[in-house]
Amino acid sequence: MDYVTFGRTGLRVSVMGLGCGGPSRIGQGSGQDESASIALVRRALDAGVNFIDTAEAYGTEAMVGAALHGVDRHKVVISTKKSYRKEISPALVRQGLEESLRRLRTDYVDIYNLHGVGPEDYGRLRDEILPTFFQLRDEGKIRFIGVSEMFNEDKTHQMLIDSLPDNVWDVAMIGFNILNQTARNQVFGQTQAQNVAVQIMFAVRRSLSQRDKLVEALQTLIDAGQLDPTEVDLTNPLGFVLEESDATSLVDAAYRFCRYEPGVHVVLSGTGNPAHLQANIESLSRPPLPEPVVQKLRHLFRNASAVTGQ
Ligand SMILES: NC(=O)c1ccc[n+]([C@@H]2O[C@H](COP(=O)([O-])OP(=O)(O)OC[C@H]3O[C@@H](n4cnc5c(N)ncnc54)[C@H](OP(=O)(O)O)[C@@H]3O)[C@@H](O)[C@H]2O)c1
């Protein structure tokens with residue numbers, strides 16, 4: 001496992017972060033036993049993954065907490081998130097963090113994120129809720145403050161475009177993948193200028209792990225006029241990636257594509273499957289895809305913004 005400095009947090013983090021949400025929720029999404037999810041987290045830790053992303057909304061904090069039992073707390077970077085959509089107030093933030101800490105069996109989180117912020121809500125949250133995050137940081141319960149976007153609804157990163165100039169976020173969770181590379185021009189310049197730590201979500205999701213979903217996504221882009229139909233073969237979608245590189249699968253290529261994007265620190269990988277976990281650890285330890293393949297992918301999807309890979 002390779003490690004990088006996580007932007008201005010200065011934390012040393014593994015290039016792969018274990019995402020405990022997404023469709024898999026470390027196995028809870030497919031009804032696995034909690035013990036299997038706990039074992040999956042432990043496997044990741046044993047393989048050198050030291051960055052774990054969860055959220056109060058995922059229902060996986062307690063499993064992360066159980067997996068961390070007996071592990072040196074200072075060797076692990078825990079990121080969790082506060083939801084706001086149902087109800088939010090300074091008191092609920094305090095209460096939510098205390099509950100997350102109890103489930104995670106710790107007395108601080110390394111990164112506390114506002115979860116899935118939409119552009120329409122950003123100003124209100126900054127003015128009414130962020131001060132409480134600062135207080136909790138002063139009290140030592142949070143080390144760094146992060147924000148995650150609502151990528152499926154905000155496919156071109158409006159919330160981040162609006163919020164980054166405030167320069168209050170240490171960490172940003174950003175949607176980016178082969179099919180939607182808009183973050184490159186929309187936000188990575190700004191995050192790099194401020195040395196904001198960037199964690200990538202949606203590197204693979206469903207469109208890059210399931211062939212029928214990939215065809216569907218490519219068709220959506222063609223219908224939106226964002227992908228040239230003469231440049232893709234829907235009977236062998238993105239087949240050139242495997243033919244012209246050492247990628248072992250499209251999933252392998254997708255993680256590597258994200259890992260080597262300038263401005264990216266951590267690529268989150270979400271899975272409930274131990275074999276996938278092992279494969280993804282290997283993918284994120286491999287070198288970049290050959291430059292001609294990367295350039296071809298950049299060119300092909302240069303206008304694509306209508307899908308997220310969901
Ligand atoms: N707004 C937000 O704050 C927000 C939104 C979305 C996600 N997130 C965070 O980002 C993390 C990453 O997103 P994600 O969970 O969607 O992760 P991802 O790694 O992009 O994709 C996960 C999907 O790919 C499949 N997969 C993973 N490895 C595979 C492999 N080697 N072969 C075949 N299929 C594979 C998984 O199924 P299997 O279980 O079968 O492997 C799952 O369906 C989340 O877990 C969460 O922590 C945050």
Side-chain angles (χ1 to χ4, degrees), residues 15-32 36-37 40-41 43-44 49 51-61 63-64 77-85 111-119 121-122 146-155 157 159-160 169 171-180 183 198-214 217 247-259 264 266-286 307-310:
V15 294
M16 171 171 157
L18 181 66
C20 300
S24 302
R25 294 192 297 122
I26 48 174
Q28 296 302 296
S30 56
Q32 289 183 32
S37 297
L40 190 104
V41 177
R43 250 175 208 267
V49 172
F51 188 100
I52 301 188
D53 178 69
T54 181
E56 66 174 13
Y58 297 163
T60 54
E61 287 179 323
M63 285 154 251
V64 172
V77 174
I78 303 177
S79 161
T80 193
K81 312 188 196 75
K82 178 66 197 154
S83 308
Y84 73 90
R85 284 179 187 269
I111 301 150
Y112 200 45
N113 304 271
L114 261 172
H115 194 166
V117 177
D121 298 323
Y122 172 67
V147 67
S148 76
E149 63 181 351
M150 199 67 182
F151 192 37
N152 279 326
E153 279 80 47
D154 183 14
K155 298 182 179 66
H157 318 285
M159 185 280 293
L160 289 168
W169 308 104
V171 181
M173 183 182 288
I174 303 175
F176 177 78
N177 59 39
I178 287 173
L179 303 174
N180 184 328
V198 169
Q199 43 176 334
I200 293 301
M201 58 179 174
F202 283 71
V204 164
R205 209 65 174 184
R206 291 191 179 96
S207 298
L208 290 155
S209 60
Q210 298 174 25
R211 187 192 159 98
D212 55 331
K213 299 277 181 205
L214 177 58
T248 56
S249 66
L250 211 47
V251 171
D252 175 62
Y255 283 125
R256 290 162 69 187
F257 182 83
C258 291
R259 172 177 169 187
V264 170
V266 167
V267 178
L268 295 173
S269 169
T271 185
N273 179 325
H276 289 174
L277 176 73
Q278 183 56 35
N280 302 347
I281 289 167
E282 288 168 17
S283 293
L284 283 160
S285 304
R286 290 204 178 96
V307 299
T308 60
Q310 172 70 358

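All residue numbers refer to positions in the sequence shown, counting from 1. For ligands, and for the atoms within them, numbers begin at 1 and follow the listed sequence.
For ligand 1 and Gly272, the ligand atoms under 4.0 Å from any heavy atom of the residue are 39 (O). The Tyr255 neighbourhood of ligand 1 comprises atoms 18 (P), 19 (O), 27 (C), 28 (N), with distances under 4.0 Å to a heavy atom of that residue.
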Determine, step by step, whether Thr308 and Asn152 satisfy the side-chain hydrogen bond (donor to acceptor under 3.5 Å, both in side chains) criterion, reporting the C-alpha distance in whole Å, the side-chain angles of both residues, the deciding distance to 0.1 Å, and the verdict. CA-CA 6 Å; Thr308 60; Asn152 279 326; 2.5 Å; yes
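With a 4.0 Å heavy-atom cut-off, ligand 1 is reached by no atom of Arg25.
Protein heavy atom at the shortest distance from atom 17 (O) of ligand 1 is Gly270 N, 3.3 Å. Given atom 37 (O) of ligand 1, the protein heavy atom at minimum distance is Ser24 OG, 3.3 Å. Of all protein heavy atoms, the one lying nearest to atom 47 (O) of ligand 1 is Asp53 OD2, 2.6 Å. In terms of protein heavy atoms, atom 3 (O) of ligand 1 is closest to Ser148 OG, 2.7 Å.
Of the candidates Glu149, Arg206, Arg205, the one placing a heavy atom closest to atom 23 (C) of ligand 1 is Arg205.
Assignment of His115 to the shell around ligand 1 is supported, since a heavy atom sits closer than 4.0 Å. In this structure, Tyr58 is part of the shell of residues with a heavy atom less than 4.0 angstrom from ligand 1.
Residue Ala279 has no nitrogen or oxygen atom sitting less than 3.5 Å from a nitrogen or oxygen atom of ligand 1, judged on distance alone. Here's the thing with Pro23: none of its N/O atoms is less than 3.5 angstrom from an N/O atom of ligand 1. Checked by distance only, ligand 1 and Val251 stay at 3.5 Å or farther apart across all their nitrogen or oxygen atoms. For a threshold of 3.5 Å applied to N or O pairs, the pair formed by Gly19 and ligand 1 contains at least one separation below that value.
Taking the six-membered ring where tryptophan is involved, the planes of Phe151 and Phe202 are perpendicular, since the angle between them exceeds 60° and thus also 30°. Classified by interplanar angle (parallel below 30°, tilted 30° to 60°, perpendicular above 60°), the ring pair Phe176/Phe257 is parallel.
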